[in-house]
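Below is one structure; the comments refer to it alone.
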Number of protein chains: 4
Amino acid sequence: MKDIQSLLDKREVYLNEVGIRGIKYPVELRKTDGSWYTTPAVLSLRVDLPETKKGTHMSRFVEVLQEHARIEFPVIKELLVEMKERLEAVNSYFDMEFTWFVEKESPVSGQKSLLDVQVRINAELMGDEFRHRLSVNTPVTTLCPCSKEISDYSAHNQRANVIITVDTPMFLQIEDLVKIAEDSASSPLYSLLKRPDEKYVTEYAYDHPKFVEDVCRDAKLKLDEISGLEAYSVEECACKTLD
Amino acid sequence: MKDIQSLLDKREVYLNEVGIRGIKYPVELRKTDGSWYTTPAVLSLRVDLPETKKGTHMSRFVEVLQEHARIEFPVIKELLVEMKERLEAVNSYFDMEFTWFVEKESPVSGQKSLLDVQVRINAELMGDEFRHRLSVNTPVTTLCPCSKEISDYSAHNQRANVIITVDTPMFLQIEDLVKIAEDSASSPLYSLLKRPDEKYVTEYAYDHPKFVEDVCRDAKLKLDEISGLEAYSVEECACKTLD
Amino acid sequence: MKDIQSLLDKREVYLNEVGIRGIKYPVELRKTDGSWYTTPAVLSLRVDLPETKKGTHMSRFVEVLQEHARIEFPVIKELLVEMKERLEAVNSYFDMEFTWFVEKESPVSGQKSLLDVQVRINAELMGDEFRHRLSVNTPVTTLCPCSKEISDYSAHNQRANVIITVDTPMFLQIEDLVKIAEDSASSPLYSLLKRPDEKYVTEYAYDHPKFVEDVCRDAKLKLDEISGLEAYSVEECACKTLD
Amino acid sequence: MKDIQSLLDKREVYLNEVGIRGIKYPVELRKTDGSWYTTPAVLSLRVDLPETKKGTHMSRFVEVLQEHARIEFPVIKELLVEMKERLEAVNSYFDMEFTWFVEKESPVSGQKSLLDVQVRINAELMGDEFRHRLSVNTPVTTLCPCSKEISDYSAHNQRANVIITVDTPMFLQIEDLVKIAEDSASSPLYSLLKRPDEKYVTEYAYDHPKFVEDVCRDAKLKLDEISGLEAYSVEECACKTLD
């Protein structure tokens with residue numbers, strides 16, 4: 001059968017990225033205790049396409065993915081190398097989004113529960129240069145300092161989503177970025193609270209009022225202390241700071 | 001050209017609903033002051049299909065819609081009648097979802113602003129019987145009575161979405177259902193507050209603690225007072241009561 | 001500490017459902033080969049609340065869930081019983097949505113790949129009566145019979161989502177409902193096709209033209225043959241048939 | 001009342017963006033015939049915040065928006081200037097997303113109908129430098145050249161979303177970018193087709209097979225011919241090319 005994709009293309013237009021985007025696939029990820037967690041991830045795999053080639057062979061992306069479904073940090077680079085070779089490309093791109101569960105203990109009664117956070121990984125191999133970006137979206141509580149100051153009693157609180165994004169060639173625990181987000185907010189969130197916990201959390205948030213501006217700034221100061229980061233940003237729906 | 005849809009079908013399977021679902025179309029809706037508001041709505045138009053007919057003529061739904069894009073309450077019934085006739089059906093169905101803006105004044109400084117609520121209309125003509133359902137989703141604030149009771153100071157509040165759904169052959173103002181939802185909560189939401197407003201709203205919510213259970217119950221009691229409703233329900237993410 | 005939720009309520013409003021909705025939790029599900037598959041599911045757990053009780057104890061839902069995270073068919077009923085007891089309720093409700101992966105072989109080259117389908121389970125215990133509903137959303141290809149008939153060559157095809165919902169007290173394989181949906185369409189979907197497969201699939205769809213009306217009818221006829229179903233429906237975006 | 005936001009901040013962290021994100025507001029936009037179209041848009045308004053200032057005054061963003069709800073191209077720059085002044089900032093940012101309807105005629109019978117496209121505008125004033133980006137997402141049909149070549153008859157087609165993004169200091173008609181996307185695909189989409197139209201569209205797509213790679217390349221060549229663009233990109237789910 002004729003291989004249309006391999007035909008010569010005369011339009012002289014280089015394509016930066018060609019591939020599959022948004023495929024759902026069950027990947028295995030390593031938990032902090034060393035065991036494996038299976039989850040459907042949404043993945044994108046792309047390579048560049050030279051001016052002279054008519055099309056890419058989409059099915060090869062799925063084959064590469066099927067051979068590397070257990071995704072530890074070093075595997076991401078292997079995937080990128082494999083894509084470049086199998087698709088005969090110069091650059092390769094890999095993105096992955098998934099739900100991660102962080103184990104937590106409620107502050108007084110010690111009840112164990114899980115907090116779900118959304119994680120995004122963007123990795124690319126530009127020639128031989130490996131770039132790796134990790135982004136963690138942590139829901140937290142913020143209590144408004146202005147509302148507290150001007151009201152005779154109580155204060156308005158609300159949920160905020162803190163997105164910490166770091167560019168780093170190293171592996172980084174998702175849990176570490178969650179902790180930075182939570183420590184910068186008025187209070188963490190818990191899915192299981194007993195009454196003594198609820199009292200503690202209510203008063204704790206009131207004692208730690210924060211604008212989203214404060215959350216971003218405090219998170220940035222904590223990120224400054226981690227060595228090896230190339231760049232990072234802290235973003236909340238209403239606020240953003242870049243390194 | 002052959003009309004495949006009109007061919008005889010021998011499988012003897014009646015189809016309850018056939019048509020177009022999820023089409024975006026710019027409809028015109030009447031505001032409380034009598035003027036017209038244009039908005040992209042998401043619409044579904046369907047009819048039933050007898051056992052003997054192979055298919056329906058989808059393009060006729062779009063034609064009916066184009067001829068009735070200015071949608072006042074009486075127009076909905078006209079649309080349903082027109083669909084039945086044009087598609088030679090016994091029953092017809094019309095659904096519409098759109099964003100509606102309610103004008104509000106902040107409680108102290110009187111600042112005007114808009115609150116967006118999501119509205120859904122489901123209407124059907126079953127033979128000659130007209131049924132009409134209106135559903136309004138209003139975001140409000142609830143302040144937890146338990147958190148207030150057990151904490152030495154402050155209390156946890158959160159956003160809740162109150163969905164009030166009423167079955168009624170009459171026209172009903174969206175604003176009336178929004179008001180019921182807001183009056184049943186710890187506090188309404190505003191998109192524009194000055195500092196004196198913020199103080200007022202913070203203290204007001206603290207003075208009106210509500211579980212979502214309370215919001216549903218109080219809204220139901222208010223709905224009991226409206227005459228002419230055939231059935232209704234109040235639903236919050238965590239709670240539901242039917243008439 | 002005072003237990004506000006247990007206070008007497010004087011409004012005399014019965015609440016049909018109170019609980020937690022939309023919680024993400026990593027459940028374990030049994031695959032057809034007997035092994036376990038972990039996936040984040042979106043869950044809702046609710047009970048009814050009598051007129052006289054002010055509130056429900058939300059944290060108990062999370063506790064029940066944590067004790068039953070490995071969810072086989074019989075566990076669903078256990079969960080419902082446990083909820084009723086722990087929350088002192090008459091009725092209990094359990095919903096779960098998750099992504100499931102069906103293993104497939106491409107039709108000519110036998111390439112293995114996965115198809116992701118969305119699954120929803122709704123179960124309830126109304127007093128002692130157990131009700132269980134399974135709903136599977138399968139993406140398929142439909143090729144328009146009208147476009148084929150009137151065109152000198154080729155025919156328009158498109159993606160359709162076939163939702164088969166069955167009410168049954170028994171356990172049913174998700175794969176069985178996926179197969180019914182695919183066999184009723186113009187062609188199944190595959191995430192990995194080699195060229196001989198692509199030729200086969202293209203010609204196969206052209207040889208099996210189907211309106212969405214046809215897909216619904218053919219799926220219904222296949223469901224008629226399964227014994228033990230209490231009710232069922234087949235729904236596509238544009239079409240719906242009830243048992 | 002104390003103005004907490006205006007307090008001095010000692011953390012020395014500059015915030016690139018602070019403001020409101022994702023607010024729904026009914027804006028008025030000018031149609032090609034000069035009349036006004038009202039639609040709920042999703043807007044984001046932000047400014048930068050110097051190291052020394054504790055917080056921004058969120059309510060002022062809503063005020064600026066309320067005063068400029070009729071948004072023609074020159075108004076966007078006015079909004080940015082106004083935000084900078086009212087919020088005492090150096091940079092200001094404005095984003096807007098909305099649904100736009102393009103009028104179309106079916107190719108044979110001349111039936112009029114509307115196609116909805118998603119539009120995004122990103123504008124910013126960095127000091128005095130005005131930057132303006134327009135992005136239009138047009139749904140089209142692509143028919144696979146490989147499937148056509150290797151099959152004895154028919155060919156697989158599918159829906160693609162072509163996103164054309166242009167950086168330009170000038171005003172550009174949304175319709176012009178839609179046309180480029182449609183002319184680069186195998187066929188445009190129509191919401192209303194009669195049978196002669198359907199025959200035409202089916203055969204036309206078969207006569208114009210396109211990989212998504214082809215769509216991106218052809219769209220790029222058409223964009224090359226527009227003068228005054230600073231940069232642009234063409235993106236489909238599976239493909240991307242930058243200027």
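Just so it is clear: chains get the letters A, B, ... in the order the sequence lines come, proteins before strands, and each one is counted from 1.
The 12-atom threshold is not exceeded at CZ of B/Arg133, counting heavy atoms of other residues, nucleotides or ligands nearer than 6.0 Å. No more than 12 heavy atoms of other residues, nucleotides or ligands lie within 6.0 Å of CD in A/Glu103, so this atom counts as exposed by the packing criterion. Around atom NZ of A/Lys179, no more than 12 heavy atoms belonging to other residues, nucleotides or ligands sit under 6.0 Å away.
A/Ile150 and B/Arg195 make their closest contact through CD1-O, 3.3 Å (heavy atoms, listed as atom of the first residue, atom of the second, distance). Considering every non-hydrogen atom in both B/Thr202 and A/Tyr153, the closest pair reads CG2-O, 4.1 Å. Pairing each heavy atom of B/Asn157 with each of A/Ala155, the nearest pair is OD1-O, 3.8 Å.
Of the residues considered (A/Asp152, A/Asp207, A/Leu193), A/Asp152 shows the highest number of contacts with chain B, using heavy-atom pairs under 4.5 Å.
Contact of B/Arg159 with chain A is not made at all, since no heavy-atom distance falls under 4.5 Å.
Put simply, OG on A/Ser147 and CD on B/Glu198 are 5.0 Å apart, with the number rounded to the nearest 0.5 Å.
Proximity of B/Val201 to A/His156: side-chain heavy atoms (C-beta onward) are nowhere separated by under 4.5 Å.
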